[in-house]
Amino acid sequence: MIHMLTIYRRHLKSCPHVREGRDYRRCKCPIHVEGTLEGISIRKALDTTNWQRATEIIREWEANGMPVADTPTSPPTISEACERFKADAAARKLKPSTLKKYRVLTDQFTIFCEHAGPRYLSQLTLADVEKFRESWRDQNIAARKKLERLKAMYRFFANHGWTQNLAQSLRPPVTEDPPTLPFTKDETARIMAAVPLVPCAGIGTQNELAALVLLLRYSGLRFGDAVQLHESRLSGNHLLLYTAKTRVPVFIPLPEFVAHRLDLVKRSNGYFFATGNATAETDCSNWRRRFRKLFRLADVPDGHPHRFRDTFAVGMLQADVTLEQLSILLGHRSIRVTEKHYAPWVKSRQEQLERAVMLAHAHEDHAIFKQRELAQ
């Protein structure tokens, strides 16, 4: 039987010859082998950096066969590897919305590979992965997030030794973060005035919509957390900001009229806005449709539920709440996220900038220019 085994150095990232690839052997990087032996596909590390020792190992395998302990098991197919990845994500207890995004990604990846031809991950090249990304319809931030999920999937594959992490070298798309756009007082007034005009089925739906609008405005909750709010998170008019992303508990007081609105719409299941008969994703989708109608009737064409969160944040900063405090209220994992979106609205920073500019204007050169202007 014909044996086809090739040994090569798998250069470390720190190796100065990493760009020269397999052709360069005069370094101390680990040696790997790939090929077929007795009809079995092999691709593994030889646990040595000595080229002579690696050659001896291969000759011994070709003469006497591979030791049982070193005999590789058949690698999973691309479809099987994707199923393993989804099972791992589910075992990590990720949010249902995150699991759905991973399902969409793996399904698209599997279908792409079926059309491209490769059956195993090791048969894919970097060009194949690039073509897969080119097939996406996602744009801007959605494309950036999807690339992050692709890299996470490939890290899982690489950690299991099924393939190299081909997605690691993919550069993220250039995106522009959407500006922070709090609602103006006039827009807020129009939104509340349009609540009774929203055609919704069910008794008290307009009251629920008004309560949800007020909750979003005065709590800063993410939309999904607000829709899934349960009475256990309210103690009088104090709200427990236990956000799904950070799991950090913080209590804040709500205005009395907001707490009263919530009390009026509380359901028998303990929730205020969730039906209890559908998934969280379905409840959020239904409420988003109502908000689209609301913004259209209020003549706020660029309205979005997340802007209530921006309105809350900017209101806090204008009341001299610090960025550190706001970061806790918004449930951000890092203050850098808060600074990225809301630093321009920090009142104290703006005042400091204005004082610095005025001091600069008082410089002697400025006085000279002012005298010349008056002389003319």
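The structure displayed is predicted, hence computed values, not measured ones. Each residue takes its place number in the sequence, starting with 1.
- Considering NZ of Lys101 and CD of Glu148, their distance stands at 10.5 Å, rounded to 0.5 Å.
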Would you check, one step at a time, whether the test side chain to side chain donor-acceptor pair (under 3.5 Å) holds for Asp107 with Thr110?
CA-CA 5 Å; Asp107 289 347; Thr110 303; 5.5 Å; no
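- Tracing side-chain contacts under 4.5 Å through hydrophobic residues (I, L, V, M, F, W, Y), one reaches Phe223 starting from Ile191; they form part of the same cluster.
- Using a 4.5 Å cut-off on side-chain heavy atoms (C-beta onward), Leu12 and Pro30 make contact.
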Show your working on side chain to side chain contact (heavy atoms under 4.5 Å, CB included) between Tyr154 and Leu170 and close with a plain yes or no.
CA-CA 12 Å; Tyr154 251 95; Leu170 296 181; over 6 Å; no
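- In terms of heavy atoms, Tyr120 sits closest to Ile78 at C-CG1, 3.7 Å.
- Ring geometry, Tyr102 versus Phe85: the interplanar angle exceeds 60°, so the pair is classed perpendicular (tilted spans 30 to 60°).
- Of the possible donor and acceptor atoms, one in the side chain of Asn159 sits under 3.5 Å from a partner among the backbone N and O of Arg155.
- Side chain of Ser235 to backbone of His238: no donor-acceptor contact under 3.5 angstrom is found.
- Of the inter-residue distances, the one linking Lys266 atom NZ with His230 atom NE2 reads 9.0 Å to the nearest 0.5 angstrom.
- Using the six-membered ring where Trp is involved, His160 and Phe156 have ring planes that are tilted, between 30° and 60° apart.
- Leu99 has its side chain within reach of Arg103: a pair of non-hydrogen atoms, C-beta onward, lies under 4.5 Å apart.
- Ring geometry for Tyr218 versus Phe257: interplanar angle over 60°, hence perpendicular rather than tilted (30 to 60°).
- Both Ile335 and Val314 are members of a single hydrophobic cluster when ILVMFWY side chains are connected at heavy-atom separations under 4.5 Å.
- Ala89 and Leu94 make their closest contact through O-CG, 3.5 Å (heavy atoms, listed as atom of the first residue, atom of the second, distance).
- Scanning both residues, Leu294 and Val195, for their nearest heavy atoms gives CD1-N, 3.7 Å.
- Contact annotation: the side chain of Val258 never approaches that of Leu239 to less than 4.5 Å [non-hydrogen atoms, C-beta and beyond].
- Ion pairing between a basic and an acidic side chain is recognised when a charged N comes within 4.0 Å of a carboxylate O; Asp302 and Arg307 show such pairing.
- The structure places CD1 of Ile31 at 7.0 Å from OG1 of Thr55, a figure rounded to the nearest 0.5 Å.
- A cation-pi arrangement is found for Arg290 relative to Trp287, the charged atom lying closer than 6.0 Å to the ring centre and inside a 45° cone about the ring normal.
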Walk me through it: do Leu215 and Phe272 pass the test side chain to side chain contact (heavy atoms under 4.5 Å, CB included)?
CA-CA 11 Å; Leu215 175 65; Phe272 297 93; over 6 Å; no
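- A continuous path of ILVMFWY side-chain contacts below 4.5 Å connects Phe183 to Val198, so both sit in one hydrophobic cluster.
- A distance of 6.0 Å or more separates the ring centres of Phe109 and Phe112.
- Summarising the geometry of Cys27 relative to His17, their closest heavy-atom pair is CB-CD2, 4.2 Å, with the distance given to 0.1 Å.
- Of all heavy-atom pairs between Ala193 and Pro196, the closest is O-CD, 3.3 Å.
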Report the C-alpha distance between Glu83 and Lys86 in whole Å, list the side-chain angles of each, state the deciding distance to 0.1 Å, and finish with yes or no for salt bridge (Lys or Arg N to Asp or Glu O under 4.0 Å).
CA-CA 5 Å; Glu83 290 299 321; Lys86 288 189 289 186; 3.0 Å; yes
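- Using cut-offs of 30° and 60° for the angle between ring planes, the Phe308 and Phe291 rings count as perpendicular.
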For Ile328 and Glu324: C-alpha separation, side-chain torsions, deciding distance, then whether side chain to side chain contact (heavy atoms under 4.5 Å, CB included) applies.
CA-CA 7 Å; Ile328 296 173; Glu324 291 78 8; 5.9 Å; no
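- Gln123 contributes a side-chain N or O that, together with a main-chain N or O of Arg119, makes up a donor-acceptor pair within less than 3.5 Å.
- In this structure, Arg309 and Leu221 approach most closely via the heavy-atom pair NH1-C, 3.9 Å.
- Annotation: side chain of Thr275 is not in contact with side chain of Thr282 (no heavy-atom distance under 4.5 Å).
- Residues Cys284 and Phe273 fail the side-chain proximity criterion, which asks for heavy atoms closer than 4.5 Å.
- Here the side chain of Asn165 pairs no donor or acceptor atom with the backbone of Lys151 at under 3.5 angstrom.
- A distance of 5.5 Å separates CZ in Arg261 from CG in Asn207, rounded to the nearest 0.5 Å.
- A salt bridge is defined here as a Lys NZ or Arg NE, NH1 or NH2 lying under 4.0 Å from an Asp or Glu carboxylate O, and Arg190 with Asp186 meets this definition.
- The distance from atom CD of Gln108 to atom CZ of Phe132, rounded to the nearest 0.5 Å, is 5.5 Å.
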Would Arg53 and Glu56 count as a salt bridge (Lys or Arg N to Asp or Glu O under 4.0 Å) if you check the C-alpha gap in whole Å, the side-chain angles of each, and the deciding distance to 0.1 Å?
CA-CA 5 Å; Arg53 175 56 186 154; Glu56 292 173 355; 3.7 Å; yes
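- Hydrophobic clustering (side-chain heavy atoms under 4.5 Å, transitive across Ile, Leu, Val, Met, Phe, Trp, Tyr) groups Leu126 together with Met153.
- Under the 4.5 Å side-chain heavy-atom criterion for Ile, Leu, Val, Met, Phe, Trp and Tyr, Tyr24 and Trp51 are members of distinct hydrophobic clusters.
- Trp136 places a side-chain heavy atom less than 4.5 Å from the side chain of Leu147.
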Begin from the C-alpha positions of Leu254 and Leu234 and carry the test side chain to side chain contact (heavy atoms under 4.5 Å, CB included) through to its verdict.
CA-CA 10 Å; Leu254 292 174; Leu234 273 177; 4.1 Å; yes
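- Ion pair Arg267/Glu208 flagged as a salt bridge, since at least one NZ, NE, NH1 or NH2 atom sits closer than 4.0 Å to an Asp/Glu carboxylate oxygen.
- In this structure, the separation between NZ on Lys293 and CG on Leu297 is 9.5 Å, given to the nearest 0.5 Å.
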